[in-house]
Amino acid sequence: MTSSENDLSHLPELTEIERRCLELAANGRTPADIVLETDLAMPRVAEAMRSAIDKLGTRNITGAITRAIRLDLL
């Protein structure tokens with residue numbers, strides 16, 4: 001881990017929807033499953049996941065989930 005990963009003062013702030021989508025994805029849910037479980041529209045789920053990926057500085061949802069867990073955000 002780099003020193004910047006250890007610096008908790010710069011933790012990304014995930015919205016409730018971003019966190020919920022990441023949690024569901026971490027538990028194996030597909031975007032379609034997330035739509036059904038949350039009653040969010042598919043574009044909103046996709047936006048939340050993309051935003052979480054960007055905030056966490058990763059390339060994909062797997063990286064975002066891994067980083068969020070490491071940072072104790074999930």
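Positions are given from 1, in the same order as the sequence printed here. Computed over heavy atoms, backbone and side chain alike; hydrogens, waters and symmetry mates excluded. If you're wondering where the values come from, they're calculated on a predicted model, not measured in any experiment.
For Arg19 (side chain) and Leu74 (main-chain N/O), no donor-acceptor pair under 3.5 Å exists by modelled atom type. Between the Asp72 side chain and the Ala68 main chain, no donor and acceptor come within less than 3.5 Å of each other.
For Ala32, the side-chain contact (heavy atoms from CB on, under 4.5 Å) test picks out Thr30, Met42, with sequence neighbours left out. Taking Thr58 as the reference, Ile53, Leu56, Ala64, Arg67 meet the side-chain contact (heavy atoms from CB on, under 4.5 Å) condition, with sequence neighbours excluded. In this structure Glu37 satisfies the side-chain hydrogen bond (donor to acceptor under 3.5 Å, both in side chains) test together with Arg29, sequence neighbours excluded.
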*Derivation and outcome, salt bridge (Lys or Arg N to Asp or Glu O under 4.0 Å), residues Glu18 and Lys55*: CA-CA 10 Å; Glu18 292 164 350; Lys55 286 179 180 180; 2.9 Å; yes
_side-chain contact (heavy atoms from CB on, under 4.5 Å) for Met49 and Ile34? Distances and angles first, verdict last._
CA-CA 11 Å; Met49 294 176 101; Ile34 295 170; 4.1 Å; yes
*Might you work through the side-chain contact (heavy atoms from CB on, under 4.5 Å) test for Leu40 and Ile17, ending with a clear yes or no?*
CA-CA 9 Å; Leu40 295 171; Ile17 292 172; 3.7 Å; yes
_Checking Leu24 against Thr38 for the side-chain contact (heavy atoms from CB on, under 4.5 Å) test, could you report, in this order, the C-alpha distance in whole Å, the side-chain angles of both residues, the deciding distance, and whether it holds?_
CA-CA 10 Å; Leu24 289 169; Thr38 62; 3.7 Å; yes
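The residues Arg44 and Glu47 are annotated as salt-bridged, a charged nitrogen and a carboxylate oxygen being separated by less than 4.0 angstrom.
Counting heavy atoms from C-beta on, the side chains of Leu14 and Leu22 come closer than 4.5 Å. Two residues are said to be in side-chain contact when any heavy atoms from C-beta on lie closer than 4.5 Å; Pro12 and Leu71 meet this criterion.
Rounded to the nearest 0.5 angstrom, Thr66 OG1 and Asn60 CG are separated by 8.5 Å.
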